[in-house]
Number of protein chains: 2
Amino acid sequence: MPVRLKDIADDLGVSVVTVSKVLRNHGDISRETRDRVLKRIKELNYQPNLAARALVTGRTHLIGLVVPDLVHQFFAQVAKGASHVLRKRGYSLIISSSEEDPALENEEISQLLSRRIDALIVASSHSTPAFLQQIEDAQIPYLLLDRKFSGCEACFVGIDDRKAGELATTHLIENGCQRIAYIGGKNVSTAINRLEGFRKAMAAHRLPIHEGQITCRSHFDDAADITGYKAMKTLLRRKPHPDGIFCYNDPVATGVMQAIIEAGLRIPEDIALIGCGNVRYASALRVPLSSVDQDCELMGEQAAAIALDLIAGKVVTPKTVLLEPRLIVRKSSVRPAANSNPVSKPNRAVVSK
Amino acid sequence: MPVRLKDIADDLGVSVVTVSKVLRNHGDISRETRDRVLKRIKELNYQPNLAARALVTGRTHLIGLVVPDLVHQFFAQVAKGASHVLRKRGYSLIISSSEEDPALENEEISQLLSRRIDALIVASSHSTPAFLQQIEDAQIPYLLLDRKFSGCEACFVGIDDRKAGELATTHLIENGCQRIAYIGGKNVSTAINRLEGFRKAMAAHRLPIHEGQITCRSHFDDAADITGYKAMKTLLRRKPHPDGIFCYNDPVATGVMQAIIEAGLRIPEDIALIGCGNVRYASALRVPLSSVDQDCELMGEQAAAIALDLIAGKVVTPKTVLLEPRLIVRKSSVRPAANSNPVSKPNRAVVSK
DNA sequence: AAACCCTACTTAAACGTTAAAGTAGCCTAA
DNA sequence: TTAGGCTACTTTAACGTTTAAGTAGGGTTT
């Protein structure tokens, strides 16, 4: 029922190809014909059938984005950044949320591959890179976002998680915390590497890490805030309880905050708290939450740019883009007693490979 | 490069159509052939080319969802709900964010129509329904979500905004507020109808509404929280300042909260506050925020279900689904002084921490 | 034994577009 | 004058799939 090239061609007594050429600004057309065609196209409000175009060109101008949880503001912002870049280049983003479920993620990826997307950006909920095989098999260019896999060759855009962990932990230490706990996720690189940064900072200040001070939970079935809440409840049973908490993301920190307050303890006086990700509402929380900013929109933009390069067949170097994390100090981590010296570095994208 | 039906057919010495029939569980195939085909399909990990299929069937199994702002948790949750329903039925959701920009929204819709999506779900940032014409012209079934247009025939899924406004405002009144202000958006039905509910509740209690007590701002260029912050700054210059604020959504309320606290006033003692939408983090805010729950995931699910019905050509009745708003009482609106008896109309208020 | 009906296929055509190759008609050069 | 080269088209084929129509070969009915 929609208008086709053929309709326009018949109306004007030219061939379909002529109309198609006008549409694609092919040189091979006289001024006069071009104008007549354009006029008719506008009159009928012709919209090319992208499915047909995709079939013959092999290009869908669709780019897939798979995230673990779209409701987490972080990924929504990444999507926004990516979408912004792609839109300008005539590409659409097709977003899938895996709900942190690897099996569902596989299904979604399979769907996207079936649609012959031109490239795929994945923030995976898998703990091993085996699933990447299906993307390789389909020969569709892809890159990893936020979460990577050790020993995996694929392109990657994310932040320097180790440095983020170090930054946050050092900040807590500088604010006088001694018994710092880490609450993270399971089997994802962000959690693992932030933990590594945590360990490094603790070691650098010769602070011991006791058994049980490190919590790693997958939040497969719980929302992250509930995960944080439960983890903190457990930590509070330890005597003495921790005096500082570093959470690997802000939703977890939100739950932690809730648990601390419920226990009748004060933030930051009794327990200092810092998250990671710097969600928009961090400053509006019960206690304004210190965090490590990741510039998520920029992350999305960079990922999109690399996806486009991959499609264009450009050799992408470096293959890894690590954004520089930035410490954002708010009330939740600033202890009156301590002399704080919040280190804020300029937010340059640091490129490594 | 991907495997095609032809590859499988050639391998087995059957025709392409035979393979296609197996794929679609057509009856016309012997047990033996079916098994051979299925085996080969699995071996080669055949993925049908959906673009080709779409071209011939006219069905893309794609459903478009246009939202004003994906970073707003409300719409992310709606998307999640819709996606959940559609996935089960073999449809994919393709999400566009218009960033509250009508012009951009038109572009995105046009893109989606060009992709021959099977149906479109729109939460529009337009203030008039004129843009719907392009969807009508393309003859693609669609429905409105969250925001509707008066006098518009289209299907709609949303909440009863008038009731939401009434519920929230009555609650503030019952908590002893007298000078209640409304902070809303411009030209969108949610804002307009919640305002209407506000007026109705005020009138029912014979409370006057003074000039300037009603703020309607579009947040075209600001994020909603900044809009709320600015609006509240202005309201605070009035003497006497309002003693209750109803915000048409939670991000706005978040900004309002910030402004009130900065001014050195207490919530709820000096100013009671209630939002709408009940975002996940509402209970974790500086002052736990009362809100009106909209059950956004359900909204997404219902919208998806209607979209599927429209595609199936079913007569959709009723054409309008209004979800019942539910008052969620938290600290921000409960004044110790007042004898609060938040009995709200058909459904009871839920008191949550 | 002719007519018919099944079953299990195959063949032909179509979907709307683009890519590649072909061509008519005119102009220019040697 | 003839070849060659432009310009502005057209024709043909293809992309991977589905739909509709056709058919070979066997069995059953009458």
Side-chain angles (χ1 to χ4, degrees), chain A residues 1-38 40-41 44-62 90 111 113-118 138-140, chain B residues 1-38 40-41 44-62 90 111 113-118 138-140:
Chain A
M1 205 57 131
V3 183
R4 299 158 301 159
L5 287 185
K6 187 169 190 317
D7 299 320
I8 293 168
D10 289 353
D11 287 358
L12 302 177
V14 298
S15 77
V16 169
V17 173
T18 302
V19 182
S20 171
K21 282 180 175 173
V22 170
L23 220 78
R24 286 172 293 134
N25 285 314
H26 205 286
D28 212 14
I29 303 292
S30 71
R31 186 106 175 72
E32 191 204 2
T33 306
R34 169 182 308 279
D35 289 347
R36 286 204 309 146
V37 170
L38 288 176
R40 195 73 187 134
I41 281 178
L44 297 182
N45 187 30
Y46 167 77
Q47 310 260 45
N49 182 323
L50 297 183
R53 185 179 282 179
L55 186 57
V56 56
T57 61
R59 289 284 169 86
T60 54
H61 285 259
L62 271 177
Q111 259 285 323
L113 296 177
S114 224
R115 291 202 187 278
R116 301 295 190 267
I117 49 172
D118 290 342
Q139 311 219 40
I140 285 178
Chain B
M1 204 56 131
V3 183
R4 298 158 302 160
L5 287 185
K6 187 169 189 319
D7 300 320
I8 293 167
D10 289 353
D11 286 359
L12 303 178
V14 297
S15 77
V16 169
V17 173
T18 302
V19 182
S20 171
K21 280 180 175 172
V22 171
L23 221 77
R24 286 171 294 132
N25 284 312
H26 205 287
D28 213 12
I29 302 292
S30 71
R31 184 107 175 74
E32 190 205 3
T33 307
R34 170 183 307 279
D35 289 347
R36 285 206 307 146
V37 169
L38 287 176
R40 194 76 187 130
I41 281 179
L44 298 181
N45 187 31
Y46 168 77
Q47 309 261 45
N49 182 323
L50 297 183
R53 185 179 281 179
L55 186 57
V56 55
T57 61
R59 289 284 170 86
T60 54
H61 286 258
L62 271 177
Q111 259 284 323
L113 296 177
S114 225
R115 291 201 187 278
R116 301 294 190 268
I117 48 172
D118 291 341
Q139 311 218 41
I140 285 176

Check the phosphate of C:dA8 against B:Thr18, side-chain N and O only, distance under 4.0 Å to OP1 or OP2. Yes or no?
no
Taking 4.0 Å as the cut-off, does a side-chain nitrogen or oxygen of A:Ser15 come that near to OP1 or OP2 on D:dT11?
no
Taking atom types as modelled and ignoring hydrogens, do the side chains of A:Arg24 and A:Ser20 form a donor-acceptor contact shorter than 3.5 angstrom?
yes
So if I take residues 20-31 of chain B and measure heavy-atom distances to DNA chain C, which residues fall below 4.0 Å?
B:Lys21, B:Asp28, B:Ser30
Find which nucleotide of DNA chain C each of A:Ala51 and B:Glu32 is nearest to by heavy atoms, and output the residue with the more 5' nucleotide.
B:Glu32
Spatial distance of atom CZ (B:Arg34) from atom CG (B:Asp28) [nearest 0.5 Å]:
10.0 Å
C:dA19 P sits how many Å from A:Arg59 CZ, rounded?
11 Å
Rounded to the nearest Å, what distance is computed from the NZ atom of residue B:Lys6 to the P atom of nucleotide C:dT10?
13 Å
Interatomic distance, B:Leu55 CG vs C:dA13 C1' [rounded to whole Å]:
13 Å
Each nucleotide N or O in nucleotides 23-26 of chain D that has a protein N or O under 3.5 Å away: list the pair and distance.
none

Atom pair distance, as rounded to whole Å: CZ in B:Arg116 and C1' in C:dT17:
11 Å
Consider the side chain of B:Asn49, meaning its heavy atoms from C-beta on, and name the nucleotide among C:dT18, D:dG16, C:dC9 that approaches it most closely.
D:dG16
Distance from A:Leu44 atom CG to A:Asp7 atom CG, nearest 0.5 Å?
7.5 Å
Student check: side-chain heavy atoms of A:Thr18 and A:Thr33 closer than 4.5 Å
yes
Base, sugar-phosphate or nothing for B:Thr57? Non-hydrogen atoms, less than 4.0 Å.
sugar-phosphate
Compare side-chain N and O positions of A:Tyr46 against OP1 and OP2 of C:dT17 and report whether any pair is under 4.0 Å apart.
yes
